[in-house]
Trainee: 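Before we start, here is the structure in question, set down as structure tokens.
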Amino acid sequence: MTEKSPKLRGALDGIPTYKPGKPAAADGPTAFKLSSNENPYPPLAGVLETATAAAASFNRYPDMACTALMAELAERFDVPPEHLATGTGSVGVAQQLVQSTAGPGDEVMYAWRSFEAYPIISQISGATSVRVPLTDGEVHDLDAMADAVTERTRLIFVCNPNNPTGTVVGRDGLTRFLDRVPNDVLVVLDEAYIEFIRDEQVPNGIELYRERPNVCVLRTFSKAYGLAGLRVGFAIAHEPVAAALRKTAVPFGVSQLAQDAAVASLRSEDALRERVEALVGERARVSEALAGQGWTVPTSQANFVWLRLGERTVDFAAACEAAGVVVRPFPGEGVRVTIGEDEANDIFLRVAEEFRKEL
Ligand SMILES: *Cc1c(COP(=O)(O)O)cnc(C)c1O
């Protein structure tokens, strides 16, 4: 027998692997993980209880239609349940959106640098990625993106606020952009961090979805809601996009723990809002301190800040790690640092101050 390995799709060659944020060192006296934009607060007591109760029946498959969660979301956002689709995190839903719209010969467009899942899921589909550089201010260049649309463009991601730069696009710019994009191109507004936005120029994507059949809004329970480990996100989209999401969903993808915890979180929003408010306060404190140290930091509307360090990126990340905080380096470009526990933010600021003096 000749040695042969199973034939895999050529599209998989060279797919960048998703780099998860590095965990904090287990042995350090103070080790904080500021590398994955997670919520630093432990689960709310009520939410934890609900999830624990759901665990008692994990010998059973979950409710495949996510009935209770869909009903809760439909009411909260005043959208028909048929326009909602849940998935294994919003990355799971994003992958279904790409699968539903783009294959070989088609183009998926997004800003760059932006969320690192976009190139991966585009390539898995066999689609061609079209990356449009951010402006000098680290913001989506929506004019350039509209200019880059071709007859092969099928889907455009707009990450608002943008991961990893934290920058936003406002209502006027986004509306102008949407007016220029052909109606048969799906525009996905990835609003993973919307709860952290305080800039009133930024629209809620759901407003834009209501008037535009080609706009889809992506949301997640992983960040502000603190359910990253449970993997649940959702999209709001018109038909036939929502129907496509139902077709491409992995059956039983969202566990009952995740469904029940998401419902409990939506019902505990006051408590969650307080935590988000505290993180937004910390974001202001960190941003001001960095500016005071002489750093140019793009205004962040998310739960992280971005330092463009270029060739010093890896050194800076190593200095942070040595001091007890793990950050997310993008070698040659910059470092993304999650707003975490106050103590962790203080450690990061001390490293930044020392590093600044050497630059
Ligand atoms: C974290 C993040 C998500 C959410 O991912 P989940 O799969 O829901 O955990 C989606 N989009 C962006 C831009 C993110 O940063």
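All ligand and atom numbering here is 1-based and tracks the order in the structure.
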Trainee: Identify all N/O pairs between ligand 1 and the protein with a separation under 3.5 Å and present them as a table of atom names and distances.
Mentor:
{"from": "ligand 1", "atom 1": "7 (O)", "to": "Ser90", "atom 2": "N", "distance (Å)": "3.2"}
{"from": "ligand 1", "atom 1": "7 (O)", "to": "Val91", "atom 2": "N", "distance (Å)": "3.0"}
{"from": "ligand 1", "atom 1": "7 (O)", "to": "Arg231", "atom 2": "NH2", "distance (Å)": "2.7"}
{"from": "ligand 1", "atom 1": "8 (O)", "to": "Ser90", "atom 2": "N", "distance (Å)": "2.6"}
{"from": "ligand 1", "atom 1": "8 (O)", "to": "Ser90", "atom 2": "OG", "distance (Å)": "3.0"}
{"from": "ligand 1", "atom 1": "8 (O)", "to": "Thr220", "atom 2": "OG1", "distance (Å)": "2.5"}
{"from": "ligand 1", "atom 1": "8 (O)", "to": "Ser222", "atom 2": "OG", "distance (Å)": "3.3"}
{"from": "ligand 1", "atom 1": "9 (O)", "to": "Ser222", "atom 2": "OG", "distance (Å)": "2.6"}
{"from": "ligand 1", "atom 1": "9 (O)", "to": "Arg231", "atom 2": "NH1", "distance (Å)": "2.8"}
{"from": "ligand 1", "atom 1": "9 (O)", "to": "Arg231", "atom 2": "NH2", "distance (Å)": "3.3"}
{"from": "ligand 1", "atom 1": "11 (N)", "to": "Asp190", "atom 2": "OD1", "distance (Å)": "3.2"}
{"from": "ligand 1", "atom 1": "11 (N)", "to": "Asp190", "atom 2": "OD2", "distance (Å)": "2.8"}
{"from": "ligand 1", "atom 1": "15 (O)", "to": "Asn163", "atom 2": "ND2", "distance (Å)": "2.8"}
{"from": "ligand 1", "atom 1": "15 (O)", "to": "Tyr193", "atom 2": "OH", "distance (Å)": "2.6"}
{"from": "ligand 1", "atom 1": "15 (O)", "to": "Lys223", "atom 2": "NZ", "distance (Å)": "3.4"}

Trainee: Pair up each side-chain donor or acceptor in residues 68-75 with any protein partner under 3.5 Å, not counting sequence neighbours, and list the distances.
Mentor:
{"from": "Glu72", "atom 1": "OE1", "to": "Arg267", "atom 2": "NE", "distance (Å)": "3.2"}
{"from": "Glu72", "atom 1": "OE1", "to": "Arg267", "atom 2": "NH2", "distance (Å)": "2.9"}
{"from": "Glu72", "atom 1": "OE2", "to": "Arg267", "atom 2": "NE", "distance (Å)": "3.3"}

Trainee: Does Glu353 come within less than 4.0 Å of Arg356, counting only side-chain N to carboxylate O?
Mentor: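 No.
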Trainee: State plainly whether the residues Glu354 and Lys357 are in salt-bridge range, i.e. N to O under 4.0 Å.
Mentor: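 Salt bridge between Glu354 and Lys357, a charged N being under 4.0 Å from a carboxylate O: yes.
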Trainee: Within this structure, what is the CD-CG distance for the pair Glu274 and Leu44, rounded to the nearest 0.5 Å?
Mentor: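 It is 9.5 Å, given to the nearest 0.5 Å.
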Trainee: Between Glu116 and Arg328, does at least one N-O distance fall below 4.0 Å, as a salt bridge requires?
Mentor: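 Result for this pair is yes, salt bridge flagged.
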Trainee: A side-chain contact here means heavy atoms from C-beta on lying under 4.5 Å apart; do Glu195 and Tyr225 qualify?
Mentor: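 The answer is yes; the side chains approach within 4.5 Å.
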